[in-house]
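After the structure tokens below, expect a handful of questions from me.
When a ligand or atom number is given, it counts from 1 through the structure's own listing order. Residue numbers run from 1 in the order of the sequence given. Not measured: the values here are computed from a predicted model.
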Amino acid sequence: MSGIDLKSFDRIVFFTGAGLSVESGIPTYRGDGGIWREYDYQEYACQRAFDRDPERVWGFHDLRRARVGEAQPNAGHEVVADVQRVKPATRVVTQNIDGLHQRAGATDVIELHGSLWRVRCGCTPARENTEVPLLTRQCDRCGDYLRPDIVWFEDPMNHAALDAAMEAIRNADLLVSIGTSGVVYPAAELPRLARSATLVEINPEDTAVSQWYEHRLRGPASEVLTSLWKEVGA
Ligand code: OAD
């Protein structure tokens with residue numbers, strides 16, 4: 001037994017990172033097999049790289065889209081969506097760009113780091129959903145290449161998403177952090193805003209921020225979330 005009775009909370013926030021999608025076959029960023037071990041972000045995930053060589057950067061992102069497109073949400077994503085159905089005030093704040101929460105049925109997902117499935121141009125705040133490869137599509141207004149709507153290294157945060165996340169977390173009575181290393185700021189710091197919430201961390205390992213959490217549930221996300229959900233008899 002985890003000692004956490006999900007039934008007794010109403011304003012649950014799931015705060016998620018790459019570890020939640022591992023069991024869908026999507027690698028994390030850090031650690032063994034991590035994306036940033038194989039690809040140097042300075043070549044693939046920053047505006048300077050895109051300005052230098054947009055086709056190379058799009059090639060990397062299209063590979064990622066192909067891999068994520070073939071993946072399916074796992075039992076962890078499904079539990080998050082199920083909890084939201086039963087407890088409608090539940091909010092999902094994710095650092096993930098893969099869209100798997102939404103594909104599992106979660107709604108109003110706050111995407112702190114953007115999405116692999118949207119594009120934008122620097123000349124306008126407008127975003128566009130797209131699933132087709134985009135190697136060389138240019139902006140109708142300014143002629144620049146459209147870029148992924150992802151918060152790359154050195155990019156400013158999306159303020160609307162950050163504000164929405166802060167509001168949800170400040171109001172939370174339970175915050176469940178899942179599969180994040182807690183080393184990328186400002187996202188890593190957000191759980192500290194949940195001052196009146198019970199704090200739970202789900203991760204197979206200790207992280208840089210484990211000390212903030214009163215409950216540390218060690219194991220793969222799908223397993224731990226499924227057993228938490230079973231404990232409430234769902
Ligand atoms: P990281 O790759 O930094 O951390 C992944 C975490 O998932 C680690 O703490 C692992 O221990 C944990 N993990 C591994 N397998 C797991 C499993 N089966 N269940 C649960 N947890 C598991 O990923 P993030 O913390 O999400 O930015 O990284 C934060 C940001 O850094 C990302 O959003 C990304 C990256 O640069 C962008 O894409 C813009």
Side-chain angles (χ1 to χ4, degrees), residues 2 14-50 57 60-65 67-68 71-80 92-101 104 109-120 147-158 161-162 165 176-191 200-213 215-229:
S2 65
F14 290 104
F15 178 75
T16 67
L20 178 58
S21 296
V22 162
E23 292 158 86
S24 294
I26 300 172
T28 59
Y29 294 95
R30 298 170 183 80
D32 287 347
I35 291 168
W36 302 144
R37 290 262 173 108
E38 192 178 341
Y39 294 92
D40 178 355
Y41 84 84
Q42 301 192 59
E43 300 292 331
Y44 296 99
C46 66
Q47 184 67 47
R48 282 176 299 125
F50 191 68
V57 171
F60 165 69
H61 286 86
D62 275 337
L63 262 182
R64 295 212 58 204
R65 297 209 294 187
R67 185 150 185 191
V68 169
Q72 296 301 323
N74 64 56
H77 296 103
E78 277 157 22
V79 168
V80 168
V92 180
V93 177
T94 190
Q95 296 166 83
N96 295 345
I97 57 176
D98 56 30
L100 290 183
H101 276 301
V109 177
I110 300 170
E111 296 180 311
L112 284 173
H113 291 162
S115 171
L116 267 174
W117 308 104
R118 285 194 306 270
V119 291
R120 67 178 176 84
R147 54 161 280 179
D149 183 24
I150 292 171
V151 180
W152 280 331
F153 289 90
E154 301 155 16
D155 279 347
M157 291 293 284
N158 173 327
L162 191 58
V176 186
S177 169
I178 309 166
T180 176
S181 57
V183 298
V184 174
Y185 284 75
E189 204 158 43
L190 292 176
V200 179
E201 179 182 66
I202 299 176
N203 198 304
E205 297 172 8
D206 283 344
T207 72
V209 293
S210 290
Q211 71 278 8
W212 297 344
Y213 294 85
H215 301 272
R216 299 167 201 170
L217 309 182
R218 295 284 166 256
S222 67
E223 218 171 85
V224 177
L225 283 163
T226 304
S227 65
L228 270 183
W229 199 218

Point to revise | Heteroatom distance test (Pro220, ligand 1): nitrogen or oxygen, under 3.5 angstrom | key: no
**Study point:** Within-4.5 Å side-chain heavy-atom neighbours: Ile26 and Val68
**Key:** yes
Practice item. Check ligand 1 against Gly17 and write out every atom of the ligand that is under 4.0 Å from a heavy-atom position of the residue. Key: 26 (O)
**Study point:** Of Tyr39, Phe153, Phe50, the residue whose pairing with Tyr44 passes side-chain contact (heavy atoms from CB on, under 4.5 Å)
**Key:** Tyr39
Practice item. Check each heavy atom of Tyr41 against ligand 1 and say whether those closer than 4.0 Å belong to the side chain, the backbone, both or neither. Key: neither
Review point. Looking only at N/O atoms, are Glu23 and ligand 1 under 3.5 Å apart anywhere?
Key: yes
Study note, to complete from the structure: In ligand 1, the atoms that come under 4.0 Å of a heavy atom of Thr28 are 2 (O), 5 (C)
Check your understanding: Taking heavy atoms and a distance under 4.0 Å, where does Thr180 meet ligand 1: side chain, backbone, both or neither?
Key -> both
Practice item. Run the numbers on Leu112 and Asn158 for side-chain contact (heavy atoms from CB on, under 4.5 Å), then give the verdict. Key: CA-CA 7 Å; Leu112 284 173; Asn158 173 327; over 6 Å; no
**Study point:** Asp32 with Arg37: basic N within carboxylate O range, under 4.0 Å
**Key:** yes
Review point. Say you draw a straight line from CG of Leu116 to CG of Asp98; how long is it, rounded to the nearest 0.5 Å?
Key: 7.5 Å
Review point. Counting heavy atoms only, which of Pro204, Gly219, Ala221 comes nearest to atom 21 (N) of ligand 1?
Key: Pro204
Point to revise | Region of Trp152 that comes within reach of ligand 1 [heavy atoms, distance under 4.0 Å] | key: neither
Revision key, fill the gap. The single option from Arg216, His215, Arg218 that satisfies side-chain hydrogen bond (donor to acceptor under 3.5 Å, both in side chains) with Glu201 is Arg218
**Study point:** Residue Val151 vicinity, atoms of ligand 1 by number, heavy atom under 4.0 Å
**Key:** 39 (C)
Revision key, fill the gap. To atom 5 (C) of ligand 1, the nearest of Ala208, Gly179, Ser21 on a heavy-atom basis is Gly179
**Study point:** Polar side chain donor-acceptor pair, Ser24 to Asn74, under 3.5 angstrom
**Key:** yes
